[in-house]
Amino acid sequence: MLKKFFNNDKEEINKQDITIDANIEEEQKGFFGKLKKGLSKTRDGINEKINDILKNYRKIDEEFFEELEEILITADIGVNITTRIIEDLEDKVKERNIQDPNEIKSLLQEELSEILNDVDTSNSLNIEPSPAIILVVGVNGVGKTTSIGKLSAKLKKEGKKVLIAAGDTFRAAAIEQLQEWANRAGVEIISHQEGADPAAVIFDGVQAAKSRKSDVLICDTAGRLHNKKNLMNELNKIFRVVEREYPQAVKEVLLVVDATTGQNAIMQAKVFKEACDITGIVLTKLDGTAKGGVVLAVQTELDVPVKLVGVGEKIDDLQQFHPENFVKAIFDE
Ligand SMILES: Nc1nc2c(ncn2[C@@H]2O[C@H](COP(=O)(O)OP(=O)(O)OP(=O)(O)O)[C@@H](O)[C@H]2O)c(=O)[nH]1
Ligand SMILES: [Mg+2]
(Lines give C-alpha, C1' and ligand atoms only; values in the text may rest on other atoms or scores of the structure.)
(Ligands and ions follow the chains in the order given, each with its own letter.)
Protein backbone atom coordinates (compact mmCIF):
# COMPACT_ATOMS: atom_id res chain seq x y z
CA MET A 1 0.00 0.00 0.00
CA LEU A 2 2.74 2.36 1.05
CA LYS A 3 4.80 1.37 -1.96
CA LYS A 4 1.91 2.00 -4.28
CA PHE A 5 1.42 5.36 -2.64
CA PHE A 6 5.04 6.26 -3.20
CA ASN A 7 4.98 5.10 -6.78
CA ASN A 8 1.89 7.14 -7.47
CA ASP A 9 3.53 10.11 -5.89
CA LYS A 10 6.57 9.67 -8.04
CA GLU A 11 4.44 9.44 -11.13
CA GLU A 12 2.64 12.57 -10.06
CA ILE A 13 5.92 14.38 -9.56
CA ASN A 14 7.21 13.19 -12.92
CA LYS A 15 4.03 14.42 -14.56
CA GLN A 16 4.51 17.78 -12.88
CA ASP A 17 8.12 17.89 -14.05
CA ILE A 18 7.06 17.22 -17.59
CA THR A 19 4.43 19.96 -17.44
CA ILE A 20 6.97 22.43 -16.06
CA ASP A 21 9.51 21.45 -18.75
CA ALA A 22 6.83 21.82 -21.40
CA ASN A 23 5.87 25.24 -20.02
CA ILE A 24 9.48 26.43 -20.08
CA GLU A 25 9.90 25.07 -23.59
CA GLU A 26 6.68 26.78 -24.70
CA GLU A 27 7.81 30.02 -23.13
CA GLN A 28 11.21 29.82 -24.80
CA LYS A 29 9.56 29.05 -28.11
CA GLY A 30 7.40 32.13 -27.55
CA PHE A 31 10.45 34.28 -26.81
CA PHE A 32 12.29 33.02 -29.85
CA GLY A 33 9.21 33.51 -32.04
CA LYS A 34 8.95 37.11 -30.86
CA LEU A 35 12.65 37.71 -31.47
CA LYS A 36 12.37 36.16 -34.91
CA LYS A 37 9.35 38.28 -35.73
CA GLY A 38 11.05 41.38 -34.37
CA LEU A 39 14.10 40.72 -36.49
CA SER A 40 12.20 40.00 -39.69
CA LYS A 41 13.39 43.15 -41.48
CA THR A 42 16.99 42.45 -40.53
CA ARG A 43 16.55 38.82 -41.60
CA ASP A 44 15.24 40.00 -44.99
CA GLY A 45 18.25 42.31 -45.26
CA ILE A 46 20.83 39.64 -44.45
CA ASN A 47 19.53 36.13 -44.94
CA GLU A 48 17.31 36.76 -47.96
CA LYS A 49 19.96 38.80 -49.71
CA ILE A 50 22.59 36.15 -49.10
CA ASN A 51 20.18 33.54 -50.50
CA ASP A 52 19.86 35.74 -53.57
CA ILE A 53 23.58 35.99 -54.22
CA LEU A 54 24.02 32.28 -53.56
CA LYS A 55 21.84 31.63 -56.60
CA ASN A 56 24.36 33.43 -58.80
CA TYR A 57 27.61 31.89 -57.62
CA ARG A 58 29.03 28.43 -58.16
CA LYS A 59 32.35 29.18 -56.54
CA ILE A 60 33.62 31.49 -53.85
CA ASP A 61 35.65 34.28 -55.41
CA GLU A 62 36.56 37.89 -54.77
CA GLU A 63 33.36 39.18 -56.35
CA PHE A 64 31.28 36.92 -54.10
CA PHE A 65 32.99 38.36 -51.03
CA GLU A 66 32.43 41.89 -52.35
CA GLU A 67 28.69 41.26 -52.59
CA LEU A 68 28.63 39.73 -49.14
CA GLU A 69 30.51 42.73 -47.76
CA GLU A 70 27.92 45.09 -49.20
CA ILE A 71 25.07 43.14 -47.58
CA LEU A 72 26.72 43.30 -44.16
CA ILE A 73 27.43 47.01 -44.42
CA THR A 74 23.85 47.71 -45.50
CA ALA A 75 22.64 45.87 -42.38
CA ASP A 76 24.65 48.40 -40.33
CA ILE A 77 27.15 45.94 -38.98
CA GLY A 78 29.69 48.73 -39.50
CA VAL A 79 32.68 49.00 -41.82
CA ASN A 80 35.32 47.91 -39.29
CA ILE A 81 33.55 44.75 -38.19
CA THR A 82 32.48 43.89 -41.72
CA THR A 83 36.11 44.09 -42.87
CA ARG A 84 37.11 41.83 -39.98
CA ILE A 85 34.34 39.34 -40.83
CA ILE A 86 35.26 39.19 -44.51
CA GLU A 87 38.96 38.69 -43.74
CA ASP A 88 38.18 35.94 -41.24
CA LEU A 89 35.86 34.23 -43.71
CA GLU A 90 38.51 34.40 -46.43
CA ASP A 91 41.01 32.79 -44.05
CA LYS A 92 38.58 30.05 -43.00
CA VAL A 93 37.64 29.29 -46.61
CA LYS A 94 41.33 28.86 -47.46
CA GLU A 95 42.19 26.89 -44.31
CA ARG A 96 39.28 24.48 -44.66
CA ASN A 97 39.50 24.40 -48.45
CA ILE A 98 35.84 25.29 -48.87
CA GLN A 99 34.62 25.52 -52.44
CA ASP A 100 30.85 25.59 -52.15
CA PRO A 101 29.34 29.09 -51.64
CA ASN A 102 26.42 27.49 -49.75
CA GLU A 103 28.76 26.74 -46.86
CA ILE A 104 29.36 30.45 -46.29
CA LYS A 105 26.13 30.88 -44.35
CA SER A 106 27.09 28.57 -41.53
CA LEU A 107 30.61 30.04 -41.48
CA LEU A 108 29.09 33.50 -41.20
CA GLN A 109 26.83 32.45 -38.34
CA GLU A 110 29.82 30.99 -36.53
CA GLU A 111 31.73 34.23 -37.09
CA LEU A 112 28.88 36.50 -35.89
CA SER A 113 28.43 34.43 -32.72
CA GLU A 114 32.16 34.58 -32.04
CA ILE A 115 32.20 38.35 -32.38
CA LEU A 116 29.12 38.78 -30.20
CA ASN A 117 30.61 36.53 -27.53
CA ASP A 118 33.87 38.45 -27.57
CA VAL A 119 33.06 40.86 -24.72
CA ASP A 120 34.64 40.83 -21.31
CA THR A 121 31.45 41.01 -19.31
CA SER A 122 28.29 38.95 -19.45
CA ASN A 123 25.19 39.86 -21.42
CA SER A 124 23.05 39.17 -18.33
CA LEU A 125 21.78 41.96 -16.13
CA ASN A 126 23.95 42.39 -13.08
CA ILE A 127 21.32 42.66 -10.33
CA GLU A 128 22.34 39.92 -7.93
CA PRO A 129 22.51 39.88 -4.97
CA SER A 130 19.76 42.28 -3.90
CA PRO A 131 19.56 45.19 -3.50
CA ALA A 132 20.30 46.47 -6.99
CA ILE A 133 19.85 49.80 -8.69
CA ILE A 134 19.50 50.31 -12.44
CA LEU A 135 20.01 53.79 -13.87
CA VAL A 136 18.55 54.17 -17.33
CA VAL A 137 20.10 56.86 -19.53
CA GLY A 138 19.95 57.91 -23.19
CA VAL A 139 18.85 60.74 -25.47
CA ASN A 140 15.19 61.61 -25.90
CA GLY A 141 12.84 59.29 -27.71
CA VAL A 142 15.06 56.21 -27.74
CA GLY A 143 12.71 54.20 -25.50
CA LYS A 144 13.98 54.66 -21.92
CA THR A 145 10.59 54.96 -20.22
CA THR A 146 9.01 52.19 -22.28
CA SER A 147 11.95 49.87 -21.59
CA ILE A 148 11.71 50.59 -17.85
CA GLY A 149 8.05 49.61 -17.93
CA LYS A 150 8.78 46.38 -19.77
CA LEU A 151 11.78 45.56 -17.59
CA SER A 152 9.76 46.14 -14.39
CA ALA A 153 7.14 43.69 -15.58
CA LYS A 154 9.80 41.15 -16.57
CA LEU A 155 11.63 41.35 -13.22
CA LYS A 156 8.39 41.24 -11.28
CA LYS A 157 7.41 38.10 -13.15
CA GLU A 158 10.76 36.62 -12.13
CA GLY A 159 9.78 37.20 -8.48
CA LYS A 160 11.63 40.45 -7.77
CA LYS A 161 10.25 43.33 -5.74
CA VAL A 162 10.64 46.27 -8.09
CA LEU A 163 10.42 50.00 -7.39
CA ILE A 164 10.78 52.70 -10.03
CA ALA A 165 11.85 56.33 -9.64
CA ALA A 166 10.66 59.03 -12.02
CA GLY A 167 13.97 60.84 -12.46
CA ASP A 168 12.87 62.55 -15.68
CA THR A 169 11.21 65.65 -14.24
CA PHE A 170 11.68 67.73 -17.36
CA ARG A 171 8.08 67.27 -18.52
CA ALA A 172 4.93 66.38 -16.58
CA ALA A 173 4.02 63.97 -19.38
CA ALA A 174 7.18 61.96 -18.72
CA ILE A 175 6.14 61.38 -15.10
CA GLU A 176 2.60 60.41 -16.12
CA GLN A 177 3.92 58.05 -18.78
CA LEU A 178 6.09 56.25 -16.23
CA GLN A 179 3.18 56.11 -13.76
CA GLU A 180 1.09 54.42 -16.40
CA TRP A 181 3.82 51.84 -17.03
CA ALA A 182 4.13 51.25 -13.27
CA ASN A 183 0.39 50.50 -13.13
CA ARG A 184 0.60 48.19 -16.08
CA ALA A 185 3.57 46.32 -14.62
CA GLY A 186 2.02 46.32 -11.12
CA VAL A 187 5.01 47.92 -9.40
CA GLU A 188 5.38 50.92 -7.11
CA ILE A 189 6.73 54.28 -8.20
CA ILE A 190 8.38 57.27 -6.48
CA SER A 191 7.78 60.60 -8.23
CA HIS A 192 7.93 64.35 -7.62
CA GLN A 193 6.41 67.29 -9.49
CA GLU A 194 7.51 68.46 -12.93
CA GLY A 195 10.63 70.62 -12.64
CA ALA A 196 11.80 69.01 -9.36
CA ASP A 197 15.48 68.16 -8.88
CA PRO A 198 15.99 64.69 -10.42
CA ALA A 199 18.72 63.89 -7.89
CA ALA A 200 16.16 64.51 -5.11
CA VAL A 201 13.75 62.03 -6.73
CA ILE A 202 16.49 59.42 -6.91
CA PHE A 203 17.42 60.19 -3.27
CA ASP A 204 13.81 59.49 -2.22
CA GLY A 205 13.76 56.42 -4.45
CA VAL A 206 16.79 55.00 -2.66
CA GLN A 207 15.33 55.69 0.80
CA ALA A 208 12.05 54.05 -0.23
CA ALA A 209 13.85 51.06 -1.75
CA LYS A 210 15.70 50.59 1.54
CA SER A 211 12.65 50.87 3.79
CA ARG A 212 10.40 48.78 1.52
CA LYS A 213 13.18 46.22 1.01
CA SER A 214 12.96 46.38 -2.77
CA ASP A 215 15.15 44.01 -4.76
CA VAL A 216 15.60 46.37 -7.69
CA LEU A 217 15.21 50.14 -7.98
CA ILE A 218 14.96 51.30 -11.61
CA CYS A 219 15.52 55.01 -12.28
CA ASP A 220 14.30 56.92 -15.31
CA THR A 221 16.30 59.99 -16.38
CA ALA A 222 15.70 62.86 -18.78
CA GLY A 223 17.06 62.66 -22.30
CA ARG A 224 15.84 66.06 -23.32
CA LEU A 225 17.76 68.88 -21.65
CA HIS A 226 18.83 72.27 -22.97
CA ASN A 227 22.26 71.05 -23.89
CA LYS A 228 24.64 68.15 -23.54
CA LYS A 229 26.59 69.74 -20.70
CA ASN A 230 23.40 70.16 -18.63
CA LEU A 231 22.45 66.57 -19.27
CA MET A 232 25.82 65.18 -18.25
CA ASN A 233 25.94 67.41 -15.12
CA GLU A 234 22.52 66.19 -14.10
CA LEU A 235 23.49 62.55 -14.59
CA ASN A 236 26.68 63.03 -12.59
CA LYS A 237 24.70 64.53 -9.73
CA ILE A 238 22.41 61.49 -9.76
CA PHE A 239 25.42 59.12 -9.79
CA ARG A 240 26.91 60.93 -6.77
CA VAL A 241 23.66 60.57 -4.82
CA VAL A 242 23.52 56.85 -5.62
CA GLU A 243 27.16 56.31 -4.62
CA ARG A 244 26.67 58.16 -1.36
CA GLU A 245 23.22 56.83 -0.37
CA TYR A 246 23.27 53.30 -1.71
CA PRO A 247 26.87 52.00 -1.59
CA GLN A 248 25.64 48.48 -0.78
CA ALA A 249 23.57 48.19 -3.99
CA VAL A 250 24.75 46.35 -7.09
CA LYS A 251 24.74 48.93 -9.90
CA GLU A 252 23.83 48.82 -13.54
CA VAL A 253 23.95 51.86 -15.80
CA LEU A 254 21.99 51.00 -18.91
CA LEU A 255 22.31 53.17 -21.99
CA VAL A 256 19.26 52.93 -24.22
CA VAL A 257 19.86 53.33 -27.95
CA ASP A 258 17.43 53.19 -30.85
CA ALA A 259 18.39 50.59 -33.46
CA THR A 260 16.53 52.43 -36.22
CA THR A 261 19.12 55.22 -36.04
CA GLY A 262 21.81 52.77 -37.10
CA GLN A 263 25.34 54.16 -36.93
CA ASN A 264 24.04 57.31 -35.17
CA ALA A 265 23.29 55.14 -32.17
CA ILE A 266 26.99 54.45 -31.90
CA MET A 267 27.88 58.14 -31.99
CA GLN A 268 25.40 58.79 -29.14
CA ALA A 269 26.72 55.90 -27.16
CA LYS A 270 30.28 57.20 -27.44
CA VAL A 271 29.24 60.58 -26.02
CA PHE A 272 27.51 58.95 -23.06
CA LYS A 273 30.37 56.58 -22.45
CA GLU A 274 32.72 59.51 -22.01
CA ALA A 275 30.48 61.00 -19.32
CA CYS A 276 29.37 57.92 -17.40
CA ASP A 277 30.34 54.36 -16.68
CA ILE A 278 27.90 52.52 -18.90
CA THR A 279 27.62 48.87 -17.88
CA GLY A 280 25.14 47.69 -20.50
CA ILE A 281 23.22 48.64 -23.62
CA VAL A 282 19.49 48.34 -24.26
CA LEU A 283 18.91 48.29 -27.99
CA THR A 284 15.30 49.21 -28.77
CA LYS A 285 13.03 49.16 -31.84
CA LEU A 286 14.79 46.27 -33.56
CA ASP A 287 11.36 45.39 -34.95
CA GLY A 288 11.26 48.62 -36.94
CA THR A 289 14.50 48.28 -38.81
CA ALA A 290 16.63 46.27 -41.20
CA LYS A 291 19.65 47.70 -39.38
CA GLY A 292 19.70 45.02 -36.66
CA GLY A 293 23.35 44.40 -37.46
CA VAL A 294 24.01 47.49 -35.39
CA VAL A 295 24.03 45.16 -32.36
CA LEU A 296 27.47 43.98 -33.42
CA ALA A 297 28.76 47.49 -34.03
CA VAL A 298 27.42 48.87 -30.74
CA GLN A 299 28.81 46.09 -28.63
CA THR A 300 32.18 45.81 -30.33
CA GLU A 301 32.98 49.46 -30.85
CA LEU A 302 32.00 50.43 -27.31
CA ASP A 303 33.15 47.25 -25.64
CA VAL A 304 29.97 47.27 -23.56
CA PRO A 305 27.62 44.27 -23.63
CA VAL A 306 24.15 44.54 -25.12
CA LYS A 307 21.95 43.30 -22.26
CA LEU A 308 18.39 43.81 -23.45
CA VAL A 309 16.71 44.17 -26.82
CA GLY A 310 13.35 45.75 -27.62
CA VAL A 311 11.38 43.98 -30.31
CA GLY A 312 8.03 45.79 -30.12
CA GLU A 313 5.91 48.23 -28.14
CA LYS A 314 4.08 45.76 -25.90
CA ILE A 315 4.90 44.98 -22.29
CA ASP A 316 6.50 41.62 -23.06
CA ASP A 317 8.53 42.91 -26.00
CA LEU A 318 11.80 43.30 -24.13
CA GLN A 319 14.16 40.36 -23.95
CA GLN A 320 17.48 39.49 -22.48
CA PHE A 321 20.06 39.51 -25.27
CA HIS A 322 21.46 36.06 -26.12
CA PRO A 323 24.08 36.21 -28.91
CA GLU A 324 23.33 32.69 -30.17
CA ASN A 325 19.58 33.21 -30.31
CA PHE A 326 20.06 36.52 -32.05
CA VAL A 327 22.23 35.00 -34.78
CA LYS A 328 19.89 32.02 -35.08
CA ALA A 329 16.87 34.32 -35.46
CA ILE A 330 18.56 36.20 -38.31
CA PHE A 331 19.24 33.02 -40.26
CA ASP A 332 16.22 30.91 -39.30
CA GLU A 333 14.31 30.20 -42.52
N1 LIG B 1 8.47 49.44 -32.25
C2 LIG B 1 9.06 49.70 -31.08
N3 LIG B 1 8.83 50.87 -30.47
C4 LIG B 1 9.43 51.12 -29.30
C5 LIG B 1 10.31 50.18 -28.68
N6 LIG B 1 10.77 50.74 -27.53
C7 LIG B 1 10.19 51.97 -27.44
N8 LIG B 1 9.38 52.21 -28.50
C9 LIG B 1 8.59 53.42 -28.78
O10 LIG B 1 9.43 54.57 -28.84
C11 LIG B 1 8.74 55.72 -28.42
C12 LIG B 1 9.56 56.51 -27.41
O13 LIG B 1 9.67 55.76 -26.23
P14 LIG B 1 9.91 56.39 -24.80
O15 LIG B 1 10.03 55.24 -23.86
O16 LIG B 1 8.92 57.43 -24.50
O17 LIG B 1 11.34 57.07 -25.00
P18 LIG B 1 12.21 57.89 -23.95
O19 LIG B 1 13.64 57.55 -24.21
O20 LIG B 1 11.71 57.69 -22.59
O21 LIG B 1 11.95 59.40 -24.44
P22 LIG B 1 12.07 60.78 -23.59
O23 LIG B 1 11.36 60.56 -22.30
O24 LIG B 1 11.40 61.77 -24.47
O25 LIG B 1 13.51 61.06 -23.42
C26 LIG B 1 7.39 55.24 -27.88
O27 LIG B 1 6.41 55.46 -28.84
C28 LIG B 1 7.61 53.73 -27.67
O29 LIG B 1 6.43 52.98 -27.82
C30 LIG B 1 10.55 48.94 -29.37
O31 LIG B 1 11.31 48.06 -28.95
N32 LIG B 1 9.88 48.76 -30.56
MG1 LIG C 1 11.03 58.98 -21.15
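One-based numbering, in listed order, for ligands and for the atoms of each. Excluded from the calculations below are hydrogen atoms, water molecules and symmetry mates; all remaining heavy atoms, backbone and side chain alike, are included.
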Exercise for review: Starting from the C-alpha separation in whole Å, work towards a yes-or-no answer on salt bridge (charged side-chain N to carboxylate O under 4.0 Å, His left out) for Arg171 and Glu194.
Suggested key: CA-CA 6 Å; Arg171 294 171 300 133; Glu194 176 187 359; over 6 Å; no
Just distances here: any N/O of [X] and N/O of ligand 1 closer than 3.5 Å?
| X | result |
| --- | --- |
| Ser147 | no |
| Glu313 | yes |
| Asp317 | no |

Review point. For the Mg ion (ligand 2), does an N/O/S atom of Thr145 lie at less than 2.8 Å?
Key: yes
Strictly below 4.0 Å, N to O, side chains only: are [X] and [Y] in salt-bridge contact?
| X | Y | answer |
| --- | --- | --- |
| Glu48 | Lys41 | no |
| Asp258 | Lys285 | yes |
| Lys92 | Glu111 | yes |
| Lys59 | Asp100 | no |
| Glu274 | Lys270 | no |
| Lys237 | Asp197 | yes |

Need the ligand 1 atom indices (1-based, order shown) with element for anything under 4.0 Å from a heavy-atom of [X].
| X | value |
| --- | --- |
| Lys150 | 5 (C), 6 (N), 30 (C), 31 (O) |
| Val311 | 31 (O) |
| Gly310 | 31 (O) |

Under 4.0 angstrom from ligand 1, any heavy atom of [X]?
| X | result |
| --- | --- |
| Val142 | yes |
| Gly288 | no |
| Asp168 | yes |

Review point. Does the pair Thr221 and Glu234 meet the rule for a side-chain hydrogen bond (donor to acceptor under 3.5 Å, both in side chains), with working shown?
Key: CA-CA 9 Å; Thr221 63; Glu234 185 171 299; over 6 Å; no
Point to revise | Closest non-hydrogen atom pair between Gln193 and Ile175, with its separation | key: C-CD1, 3.9 Å
In terms of residue, atom name and distance, what is the protein heavy atom nearest to [atom]?
| atom | answer |
| --- | --- |
| atom 5 (C) of ligand 1 | Lys285 CG, 3.6 Å |
| atom 18 (P) of ligand 1 | Lys144 N, 3.4 Å |
| atom 16 (O) of ligand 1 | Gln177 NE2, 3.0 Å |
| atom 24 (O) of ligand 1 | Arg224 NH2, 2.8 Å |
| atom 12 (C) of ligand 1 | Gly141 O, 3.6 Å |
| atom 30 (C) of ligand 1 | Gly312 O, 3.2 Å |
| atom 23 (O) of ligand 1 | Arg171 NH2, 3.3 Å |
| atom 28 (C) of ligand 1 | Thr146 OG1, 3.5 Å |

Point to revise | Passing option when Gln299 is tested against Asn117, Asp118, Asn123 for side-chain hydrogen bond (donor to acceptor under 3.5 Å, both in side chains) | key: Asn123
Study note, to complete from the structure: Logged contact type for Lys314 with ligand 1, heavy-atom cut-off 4.0 Å, is neither
Practice item. For the residue pair Lys105 and Asn51, confirm or rule out a side-chain donor-acceptor distance under 3.5 Å. Key: yes
Review point. Among Thr83, Leu68, Thr82, which one satisfies side chain to side chain contact (heavy atoms under 4.5 Å, CB included) with Ile73?
Key: Thr82
